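Here's the structure, in structure tokens; my notes come after.
Since we're looking at a predicted model, the values are computed, not measured. Residue numbering restarts at 1 for every chain, and letters A, B, ... go by the order of the sequence lines.
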Amino acid sequence: MFLKEQEQINQNIIEFLNKQGYPGREDLEWSAIPFSGDWGISTSFFKIAAQHARDLRQKGEQPPPVSELAQTIADQVRQNIGIPSGFKRVDAVHGYLNLFYEPLEFSRRVIDTVLEQGNRFGWGHKKGKRILVEFSQPNTHKAFHVGHLRNVVLGDALCNILEAAGNEVIRTNYINDTGLHVIKWLWNYRKFHDGEEPGEDKTRWMGDLYAEANKRLEENPELENEVRALYARWDRRDPDIMALWERTRQWSLEGFDQIYALLGIRFDHIFYDHELEKPGQDLVEELIRKGIAIDERPQGPVIIRIDDLLGLKKETYRVLVVLRSDGTSLYATKDLPLAIKKFEMFNPDLSVYVIDVRQSLYLQQIYKTLALMGHPDWAERCFHFSYEIVNLPGNVTIASREGTVVLLEDLVREAQQRALGVVKEKNPSLSVQEMIEVARVVALGAIKYPMLARDNTKVVTFDWQSALDFNGQAAPYIQYAHVRANSILRKLGESIPEAPSFQSELHPTEVQLIELIARLPNEIQRAAQEMKPLHLTNLAYELARAFNDFYAECPVLKAEGPIRANRLRLVAAAQQAIANVLNLLGISAPEVM
RNA sequence: GCCCCAGUAGCUCAAUGGACAGAGCAGUAGCCUUCUAAGCUAUUGGUUGUGGGUUCGAAUCCCGCCUGGGGCGCCA
């Protein structure tokens, strides 16, 4: 936010160092001063000192220790640059140069910017880059559980963040409405549930029947023949089967619509894999003709020996099976034409796949095959956004086949009930309608937050107790800070005052809060660059904590004169910043709780 | 067998190669005539799995090992 000042100082220091004969550098690395209550920018001279020491040693001189040298340089720089305008103090300590902002001037600038930009504060300039993101990818005829939730929540946040950073984002879903799991479901339905219809909770019912199908097949493996026969009829587009598929598939799709509406998630385009089945089968024939795929039918499937084609000695990408020996399609059959279709339809600069880590090898195979098919440029633009799975306590895998699932429906209902209980107790003056709405928003935030607040490489273990714990490092804590800010502004009863010309000392909690607010634009860029929503959950939490500190220490409405006006403006800015981060994470910022 | 990931406080997790490794939960002791206590304050808690290496500096990068998880020809 203070790039101009930073660049100027950076420039001055480089020039000075060059004049002094220190090893040349084009740029210094700047970061925030890491001590709470201190606000400014910081750089260090260890690298220059280390290089200088090496130079001296080469000339046969005996250099002092690097840390000492770094401190010497820091001192020299400090004396040379004096106190640049806008700063109140410059320290040289432990080899670091710390420049402390003139807090009144900078705080004013931060707050003015936030209030002026409102819900676009933190957003970056247009980058002219188009990013397509595929996420959610639910299976029809199956359950929707907390494992799927991580994908949806991460995908949604990722899209929000990429967009805020200045990219054009295309949100896509890829619904798996064909495949063995569908055939199993249809088989079970025709044989044991013919004519039945789902109740209110469609997704649960679909999931139950799927688990049941698997159980029956496990108990009587000889029935697999019937399933295979049914798959053959499907593949021939038998009208009876198609009609049943259309009807039952619709139940799942309606269930998904309910879930996405509940979670507040939208898509720009939805791909269905039934659209890709025929193109995929045709594509496989083409691959065989081109000599890329090897047809082992009918004894074996159609495969691509990727390592052989790439001339790799060591097994790396191994073998990709692209078509079953009976000619029916697999995931890969459809993923290849889908990859192409994405580029043909949208020509994205980046094609992101939000899919769990277990499919890493598979996706690399798809990308490599895409390159081998003559699209190396597209292959390079594909990116697997990988994340670890959600487990149940005791390292139990969530498996819809085995029915060891925590359904999203159940989780949301439990969390809402819990939140409703809390809001009734904490804020009895609200109307029933308001209470229900608060409970909904708080419950959803609480559910989404843990999915975003740990690194993608970490397994999330779902347990009911911590999922329903609304205290501490959790979304409700952040939402509550927003509510408190809102509460002050509501009590104010008039519009936020103009910035007074006269300002006075800031309280340390104010400095800390302003510092964190000022970080939002950079953190959005960093989160987008590294594709880590985690950076923003961290910032959201720190913002909330800083606000609660401020709230405890600094009276606002009871303050007087310019202090009151300034604090009111800070409260409004903090509220805006918290709301902006929460929105990026897909979490609502309520006005009351 | 080959490959990927994780290992940080009792538990769940943070930490652009940088200053004293930080939060929450749990525990203990306090704070509601004061803008909502879903909050705040204080306090306890660490050989960052382990052995080397690189570096001025390593939880972070490299190599070995240990433990756990995952992936590897017709599941998705």
Between [Y] and [X], does any NZ, NE, NH1 or NH2 come within less than 4.0 Å of an OD or OE carboxylate oxygen?
X: A:Arg305; Y: A:Asp307; result: no
X: A:Glu510; Y: A:Arg567; result: yes
X: A:Asp455; Y: A:Lys532; result: yes
X: A:Arg324; Y: A:Glu296; result: no
X: A:Glu61; Y: A:Arg57; result: no

Distance below 4.0 Å between [X] side-chain N/O and [N] OP1 or OP2:
X: A:Arg54; N: B:C56; answer: yes
X: A:Arg484; N: B:A38; answer: no
X: A:Lys334; N: B:A76; answer: no
X: A:Lys426; N: B:G39; answer: no
X: A:Lys532; N: B:U16; answer: no
X: A:Arg526; N: B:U16; answer: yes
X: A:Arg57; N: B:C56; answer: no
X: A:Asn471; N: B:G39; answer: yes

Report the base-pairing partner of [N] (Watson-Crick or G-U wobble, both distances below 3.5 angstrom), or none.
N: B:A37; result: none
N: B:G1; result: B:C72
N: B:U48; result: none
N: B:A6; result: B:U67

Quick test of the criterion, 5.5 Å between centres and less than 30° between planes. Is A:Tyr477 stacked on B:G39 or not? no
Would you call A:Tyr551 stacked on B:G39, i.e. ring centres under 5.5 Å apart with the planes less than 30° off parallel? no
Nearest 0.5 Å, what's the CG-CG distance between A:Asn214 and A:Leu209? 11.5 Å
How is [X] classified with respect to the nucleic acid when contacts are heavy atoms under 4.0 Å: base, sugar-phosphate, or nothing?
X: A:Phe35; answer: base
X: A:Asn538; answer: sugar-phosphate
X: A:Arg297; answer: nothing
X: A:Asn139; answer: sugar-phosphate
X: A:Leu534; answer: sugar-phosphate
X: A:Ser487; answer: base
X: A:Val592; answer: base
X: A:Asp549; answer: sugar-phosphate
X: A:Val423; answer: base
X: A:Leu330; answer: sugar-phosphate
X: A:Arg454; answer: sugar-phosphate
X: A:Gln299; answer: base
X: A:Ser386; answer: nothing
X: A:Gln359; answer: base

Does [X] contact [N] through a side-chain donor or acceptor facing the base, at a distance under 3.5 Å?
X: A:Arg305; N: B:G73; value: yes
X: A:Ser466; N: B:U12; value: no
X: A:Asn98; N: B:A19; value: yes
X: A:Ser67; N: B:C56; value: no
X: A:Ser42; N: B:A19; value: yes

Whole-Å [atom1] distance, [N] and [M]:
N: B:G7; M: B:U48; atom1: C1'; value: 9 Å
N: B:A59; M: B:G18; atom1: P; value: 10 Å
N: B:C4; M: B:C11; atom1: P; value: 29 Å
N: B:U47; M: B:G22; atom1: P; value: 15 Å
N: B:G10; M: B:G70; atom1: P; value: 26 Å
N: B:U33; M: B:G27; atom1: P; value: 25 Å
N: B:A26; M: B:C63; atom1: P; value: 41 Å
N: B:U16; M: B:U60; atom1: C1'; value: 11 Å

From the options B:C25, B:C74, B:U16, select the nucleotide whose nearest atom is closest to the side chain of A:Arg324. B:C74
Residue A:Tyr541, side-chain heavy atoms: nucleotide from B:A76, B:A23, B:C5 that is nearest: B:A23
Base of B:G73 relative to its sugar, syn (within 90° of 0) or anti? syn
With syn defined as a glycosidic torsion within 90 degrees of 0 and anti otherwise, which applies to B:C32? syn
When you check the side-chain N and O atoms of A:Arg228 and A:Asn225, is any donor under 3.5 Å from an acceptor? yes
Do you see a donor-acceptor pair shorter than 3.5 Å between the side chains of A:Lys334 and A:Thr178? yes
Length of the line joining [X]:[atom1] and [N]:[atom2], which is rounded to integer Å:
X: A:Ile478; N: B:G39; atom1: CD1; atom2: P; answer: 11 Å
X: A:Asp55; N: B:C56; atom1: CG; atom2: P; answer: 12 Å
X: A:Tyr231; N: B:C75; atom1: OH; atom2: P; answer: 9 Å
X: A:Tyr387; N: B:G70; atom1: OH; atom2: P; answer: 16 Å
X: A:Leu420; N: B:A38; atom1: CG; atom2: P; answer: 16 Å
X: A:His384; N: B:C3; atom1: NE2; atom2: P; answer: 20 Å
X: A:Lys558; N: B:U33; atom1: NZ; atom2: P; answer: 13 Å
X: A:Asn548; N: B:A38; atom1: CG; atom2: P; answer: 11 Å

Set of side chain to side chain contact (heavy atoms under 4.5 Å, CB included) partners for A:Asp549, sequence neighbours left out: A:Thr509
Walking RNA chain B from its 5' end, the first of A:Lys142 and A:Ala419 to be reached, judged by nearest nucleotide, is A:Ala419
A:Tyr477 six-ring centre to A:Arg545 NZ/CZ under 6.0 Å and within 45° of normal: no
